[in-house]
Engineer: 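This is the structure I want to talk about, given as C-alpha cells.
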Amino acid sequence: MMKTRTRFAPSPTGYMHIGNLRTALYEYLIAKSSGGDFILRIEDTDQKRYVEGATDIIYQTLKRVGMLWDEGPDIGGNFGPYVQSERRHIYAQYAHKLVELGGAYYCFCAHKDDEEENSVSHTKLKDPCKLIPLDEAKKRIANGEPFVVRQNINKKGTSIFHDVVYGDIEIDYDELDEGVLLKSDGLPTYNFANVVDDHLMQITHVVRGNEYISSTPKYNLIYEAFGWQPPIYVHVPPVMKDAQHKLSKRNGDASFQDLVAKGYLPEAILNYIALLGWNPGDEREIFSLKELEEIFSSERLNKSPAIFDINKLTWMNGCYIRNLSAQEFATLAEPYYQHITTPIDTVALSAALQPRIETLGQIAEQIDFLQAVPDYDVSLYENKKMKTTPEVAQKALTLVLPVLENVAEWNNENLFEVLKKVAVDHEMKNGQILYPVRIALSGKETTPGGATELAVILGKEETLKRIRAALQKLA
RNA sequence: GGUCCCAUCGUCUAGAGGCCUAGGACGCGGCCCUCUCAAGGCUGCAACACGGGUUCGACUCCCGUUGGGAUCACCA
C-alpha cells in the first residue's frame with residue numbers, strides 16, 4: 001500500500017481562519033493516523049491577493065498547535081519547490097502538454113472582465129477558439145499574441161466519482177465549464193495547479209471544502225488526459241457562523257489569532273474544531289493532538305455544516321485551563337498582572353483564578369480591584385443571606401481589625417481560624433464577619449476567592465489598610 | 001434559474017430497520033457543597049422539518065414537498 005500523503009495548501013491571505021485550520025487538522029490527522037506525511041504547500045498563484053508576511057502566520061499557527069509538516073517551503077523535501085509561484089515553469093510545460101494530448105486548447109478571447117456584455121460562454125463547444133487549428137494557434141502565440149490555455153471538455157454523459165464523506169457523486173459533463181488552466185500572466189489557476197502539484201507531489205488524499213465538489217469532475221478529466229491516477233477525495237462541509245453564513249473574515253469572525261489574543265489556548269481551539277464535523281464514536285470530548293492521531297477516522301466525518309459555537313469553545317477552554325499545572329497557569333496568567341503595582345501574592349492569586357476563568361482574557365475583570373478598591377456604595381454591605389447590613393459590617397470590621405493586626409503567620413488557614421473565632425466569640429454568624437471583610441478588601445459583590453483568600457493575596461499590610469479605609473467609609 | 005449537496009434538542013452530535021418511552025456534551029433552570037463567585041456532584045427542560053410510500057415494524061430505506069447551502073471567475 002502506498003504511503004498516505006496529504007497536503008495543506010493555503011493561499012497566503014494573511015489570515016488563518018477557523019475553517020482552514022480545521023481542514024488542515026483533518027489533513028494532518030488523515031496522514032498521521034496512518035503513519036503518512038503531511039505536506040505544506042503555498043498556493044500563491046493569484047498575485048493580486050498576495051499579502052506580505054502571510055506565510056509566516058501560516059507557519060506560526062501550525063507550529064503553535066503542533067501540526068508539524070514533513071515537507072514544505074521552509075524545510076524542503078523531495079518534491080519541491082513548495083511555493084506555487086516558484087513552479088510556474090512546471091505548469092506551463094504541463095499546460096502545453098495537455099494541449100497536445102487534447103485535454104486543453106489555446107484561447108485568444110479577450111478577458112471576461114474587459115468585455116461589456118454577452119461575453120462568450122465557455123461552456124462546452126461554444127468557444128470559437130476551439131476551432132482554431134493547433135498550428136495556427138501556435139503561430140499566433142509565437143507572434144506574441146496573449147493567450148490562455150483553456151480546458152477542453154468533449155465528454156458526453158455523466159461523470160461519477162467517489163468521495164469519502166459524501167459517497168458517490170454524479171455530475172453531467174454538460175454542466176462543466178471549460179475553465180482557464182493557464183492565465184495570460186503565465187501562472188496557472190487553482191484548477192490546474194492543484195492537479196499538477198497533487199500528482200507530482202504524490203498526494204494520496206485531497207481534503208478540501210465541499211465547494212469544490214462541483215468542479216471535481218473537471219480535475220478528474222485532467223488526470224485522465226494525462227493518464228494519471230486521481231487522489232482519494234475528502235470534501236468537508238463548511239464551518240458556519242450561523243445557519244446561513246460561513247465563518248469568514250468578511251463577517252468579522254474570529255480567526256485563530258484573534259481567539260488566542262482573547263485568551264483561548266491553542267490546544268483547546270484545536271480540540272474544539274476537531275469536533276466540529278467529526279466525532280470519535282464514543283462520548284469523550286477532550287483530546288490532545290496525539291490522541292486524535294490515534295483515534296481519527298475519516299469515515300466519521302459529517303456531511304452537514306457545523307455552526308461554530310463560541311460558548312462551547314469557551315467551556316472547553318475552561319477545561320484546559322483547569323487542567324493546567326499551577327505553574328503552567330501562573331506563567332500564562334502572569335502577563336495579565338503586569339499593571340498591578342500593589343505588592344500581591346501572585347501564587348495565591350493564580351490559585352484563586354485558575355478554577356474561576358474560562359479564558360485568560362477574563363482575568364482582567366476578575367482582578368480589577370487589586371490595584372485599588374473601586375468606589376463602591378456602603379449598601380453593598382447589605383446582604384440578606386449573610387445577614388449583614390452596613391451597621392453589622394462596621395461592628396464586624398471593628399472587631400476584626402485588632403485581631404488581624406496580631407496574626408503572625410499570614411496564611412489562609414490561620415486567617416480563617418481567627419475570623420471564625422471572632423464570630424463565635426461574639427455570637428455572630430461566620431458570614432457576618434467574612435462577608436464584610438471580603439467587601440472591604442474588594443469593593444465588589446463577587447470576587448475570585450473568599451475573604452481570607454483575598455487577604456492572603458493582598459498581604460497583611462494592604463489588608464489592614466483596606467479594612468481601616470472601609471471603617472472610615474462606614475463611619 | 002440549471003446542477004450538486006445537506007436536513008435529530010437553541011448549538012455540536014450518537015443513532016448504520018426493532019436495543020429509542022431517541023443517548024452524550026455546551027448553554028439554560030433547580031438542588032447539594034460552600035467565607036461571595038466559581039469549580040465539583042446530582043437533577044430538570046429541550047429534537048427525529050413535512051407528506052407519501054416500502055416493511056410485521058421506521059430517526060434509520062425510497063419518492064416528493066419545504067427549508068438551507070454550494071457552484072456556474074484569467075479566486076482559491
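By convention in this document, chain letters (A, B, ...) are assigned in the order of the sequence lines, proteins followed by strands, and residues within each chain are numbered from 1.
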Engineer: Between A/Lys473 and A/Asp375, does any side-chain N to carboxylate O distance fall below 4.0 Å?
Structural biologist: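 Yes, charged N to carboxylate O under 4.0 Å.
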
Engineer: Paired with B/rA39: which nucleotide, if any, by Watson-Crick or G-U wobble criteria at under 3.5 Å for both distances?
Structural biologist: none

Engineer: Where the side chain of A/Tyr166 is concerned, which of B/rC12, B/rU71, B/rC6 is the nearest nucleotide?
Structural biologist: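 For the A/Tyr166 side chain, the nearest candidate turns out to be B/rC6.
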
Engineer: Quantified in whole Å, what is the C1' atom distance between nucleotide B/rC61 and nucleotide B/rG15?
Structural biologist: 15 Å

Engineer: Between B/rA76 atom P and A/Phe8 atom CZ, what is the distance in whole Å?
Structural biologist: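 Checked: the CZ to P distance equals 15 Å.
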
Engineer: From C-beta outward on A/Ser304, which listed nucleotide comes closest to its side chain: B/rU36, B/rC74, B/rA7?
Structural biologist: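 Out of B/rU36, B/rC74, B/rA7, the nucleotide with an atom closest to A/Ser304's side chain is B/rA7.
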
Engineer: Rounding to the closest angstrom, what is the interatomic distance between B/rU34 and B/rG40 at atom C1'?
Structural biologist: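 Approximately 11 Å lies between the C1' atom of B/rU34 and that of B/rG40.
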
Engineer: Describe the nucleic acid contact of A/Gly449 in one word from base, sugar-phosphate, nothing, applying a heavy-atom distance below 4.0 Å.
Structural biologist: base

Engineer: Could you please name the option among B/rC35, B/rC12, B/rA70 that lies closest to any side-chain atom of A/Leu434?
Structural biologist: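 The answer is B/rC35.
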
Engineer: Using atom C1' in both nucleotides, what's the gap between B/rG57 and B/rG41 to the nearest angstrom?
Structural biologist: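 Roughly 41 Å separates the two C1' atoms.
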
Engineer: Out of B/rU36, B/rG27, B/rA14, which nucleotide sits closest to the side chain of A/Thr446?
Structural biologist: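 Output: B/rU36.
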
Engineer: Say you pick atom P in B/rU55 and the same atom in B/rC50; how far apart are they, in whole Å?
Structural biologist: 23 Å

Engineer: Measure from the side-chain heavy atoms of A/Asn311 and tell me the nearest of B/rG27, B/rC72, B/rC35.
Structural biologist: B/rG27

Engineer: For nucleotides B/rC26 and B/rG44, find the distance between their P atoms and express it as a whole number of Å.
Structural biologist: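 So the two P atoms sit 15 Å from each other.
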
Engineer: To the nearest angstrom, how far is A/Glu283 atom CD from B/rC12 atom C1'?
Structural biologist: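 After rounding, the gap between these two atoms is 13 Å.
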
Engineer: Any ion pair linking A/Glu178 and A/Lys130 (charged N to carboxylate O, less than 4.0 Å)?
Structural biologist: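 Looking at A/Glu178 together with A/Lys130, the answer is yes, because their closest N to O distance falls below 4.0 Å.
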
Engineer: Can you tell me how far C1' in B/rG23 sits from the matching atom in B/rA16, rounded to whole Å?
Structural biologist: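 Per the computed distance, 16 Å lies between those C1' atoms.
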
Engineer: Classify A/Asn412 by what it touches in the nucleic acid, base, sugar-phosphate, or nothing, heavy-atom distance under 4.0 Å.
Structural biologist: base

Engineer: State the pairing partner of B/rC59; accept Watson-Crick or G-U wobble contacts with both distances under 3.5 Å, and report none otherwise.
Structural biologist: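 B/rC59 is unpaired by these criteria.
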
Engineer: Rounded to the nearest 0.5 Å, how far apart are OG1 of A/Thr398 and CG of A/Leu471?
Structural biologist: 4.5 Å

Engineer: Whole-Å distance between B/rC12 P and A/Ile18 CD1?
Structural biologist: 16 Å

Engineer: With hydrogens left out and only the distance checked, is there a donor-acceptor pair under 3.5 Å joining A/Tyr212's side chain and the base of B/rA70?
Structural biologist: no

Engineer: As a test of understanding, state which of A/Tyr59, A/Phe8, A/Tyr28 forms a ring pair (Phe, Tyr, Trp, His ring centres under 6.0 Å) with A/Trp69.
Structural biologist: A/Tyr59

Engineer: When rounded to the nearest 0.5 angstrom, what distance separates CZ in A/Arg466 from CZ in A/Phe369?
Structural biologist: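 Spacing of CZ (A/Arg466) from CZ (A/Phe369) equals 7.5 Å.
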
Engineer: Looking across every strand, which nucleic acid part, if any, lies under 4.0 Å from A/Asn430 by heavy atom: base, sugar-phosphate, or nothing?
Structural biologist: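 The residue A/Asn430 makes no contact with any strand.
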
Engineer: Going by purine N1 to pyrimidine N3 plus the second Watson-Crick contact, or the G-U wobble pair, all under 3.5 Å, which nucleotide sits opposite B/rC26?
Structural biologist: B/rG10

Engineer: With a 4.0 Å limit, can you tell me whether A/Lys183 has a side-chain N or O closer than that to the phosphate oxygens OP1/OP2 of B/rC75?
Structural biologist: yes

Engineer: Quick test of the criterion, 5.5 Å between centres and less than 30° between planes. Is A/Phe416 stacked on B/rC35 or not?
Structural biologist: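 Yes.
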
Engineer: Paired with B/rG1 by Watson-Crick or G-U wobble geometry, both distances under 3.5 Å: which nucleotide is it?
Structural biologist: B/rC72

Engineer: Which atom pair, heavy atoms only, marks the closest approach of A/Ala396 to A/Ile433?
Structural biologist: CB-CD1, 3.8 Å

Engineer: Considering every strand shown, what is the Watson-Crick or G-U wobble mate of B/rC33 when both distances are under 3.5 Å?
Structural biologist: none

Engineer: Report the residue (A/Asn302 or A/Gly450) whose heavy-atom-nearest nucleotide on RNA chain B is the more 5′ of the two.
Structural biologist: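 Of the two residues, A/Asn302 wins.
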
Engineer: Taking only the P atom of each, what is the distance from B/rC31 to B/rA38 in whole angstrom?
Structural biologist: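 Taking atom P in both B/rC31 and B/rA38, they lie 13 Å apart.
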
Engineer: Which one, B/rC35, B/rC5, B/rU3, comes nearest to the side chain of A/Thr452?
Structural biologist: B/rC35

Engineer: How close or far is atom C1' of B/rA76 from atom CD1 of A/Ile58, stated in whole angstroms?
Structural biologist: 12 Å

Engineer: Heavy atoms only, 4.0 Å cut-off, all strands: where does A/Ala451 land among base, sugar-phosphate and nothing?
Structural biologist: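 Since a base atom lies under 4.0 Å of A/Ala451, the category is base.
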
Engineer: Measure from the side-chain heavy atoms of A/Arg322 and tell me the nearest of B/rC35, B/rG40, B/rA76.
Structural biologist: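 Nearest to the side chain of A/Arg322 among the choices is B/rG40.
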
Engineer: Pick the closest RNA chain B nucleotide for A/Gln84 and for A/Gln244 by heavy atoms, then say which residue is nearer the 5' end.
Structural biologist: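 Here A/Gln244 is the residue nearer the 5' end.
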
Engineer: In this structure, how many angstroms lie between the P atom of B/rU11 and the CG atom of A/Leu275, rounded?
Structural biologist: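 The distance from CG of A/Leu275 to P of B/rU11 comes to 17 Å, rounded to the nearest Å.
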
Engineer: Where the side chain of A/Arg356 is defined as all heavy atoms beyond and including C-beta, which of B/rC37, B/rG27, B/rC72 is the nearest nucleotide?
Structural biologist: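 The listed nucleotide nearest to A/Arg356's side chain is B/rC37.
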
Engineer: Expressed in angstrom and rounded to an integer, what is the separation of A/Glu170 atom CD from B/rG2 atom P?
Structural biologist: 19 Å

Engineer: Look at the side chain of A/Lys312 and decide which nucleotide, out of B/rC35, B/rC12, B/rC74, has an atom nearest to it.
Structural biologist: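 Ranking B/rC35, B/rC12, B/rC74 by closest atom to the A/Lys312 side chain puts B/rC12 first.
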
Engineer: Tell me if the CD atom of A/Glu445 is crowded by more than 12 foreign heavy atoms within 6.0 Å.
Structural biologist: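 No, because the 6.0 Å sphere around CD of A/Glu445 holds 12 heavy atoms or fewer from other groups.
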
Engineer: Could you please name the option among B/rU71, B/rG27, B/rA14 that lies closest to any side-chain atom of A/Arg300?
Structural biologist: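 Nucleotide nearest to A/Arg300's side chain: B/rA14.
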
Engineer: Would you mind pulling out the nucleotide paired to B/rC20, Watson-Crick or G-U wobble, both distances under 3.5 Å?
Structural biologist: none

Engineer: With both distances kept under 3.5 Å, what pairs with B/rC50, Watson-Crick or G-U wobble?
Structural biologist: B/rG64

Engineer: NZ of A/Lys303 versus P of B/rU13: gap in Å, rounded?
Structural biologist: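 Atom-to-atom, A/Lys303 to B/rU13, this comes out as 13 Å.
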
Engineer: Within the modelled atom types, does a donor on one side and an acceptor on the other bring the side chain of A/Thr189 and the base of B/rC74 under 3.5 Å apart?
Structural biologist: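 A donor-acceptor contact between them is absent.
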
Engineer: Taking N and O atoms by type only, does the side chain of A/Thr447 place a donor or acceptor under 3.5 Å from a partner on the base of B/rC37?
Structural biologist: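 No, no donor-acceptor pair under 3.5 Å.
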
Engineer: What is the minimum heavy-atom distance between A/Ala306 and A/Gly277, and which atoms define it?
Structural biologist: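 Between these two residues, the closest heavy atoms are CB-N, 4.3 Å.
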
Engineer: With a non-hydrogen cut-off below 4.0 angstrom, is A/Arg284 in contact with a base, only sugar-phosphate, or nothing?
Structural biologist: nothing

Engineer: Quote, to the nearest angstrom, the C1' distance that separates B/rC72 from B/rC9.
Structural biologist: 37 Å

Engineer: Find the distance A/Trp278:CH2 to B/rC12:C1' and express it as a whole number of Å.
Structural biologist: 13 Å

Engineer: More than 12 non-hydrogen atoms from neighbouring residues, nucleotides or ligands closer than 6.0 Å to NZ on A/Lys262, yes or no?
Structural biologist: no

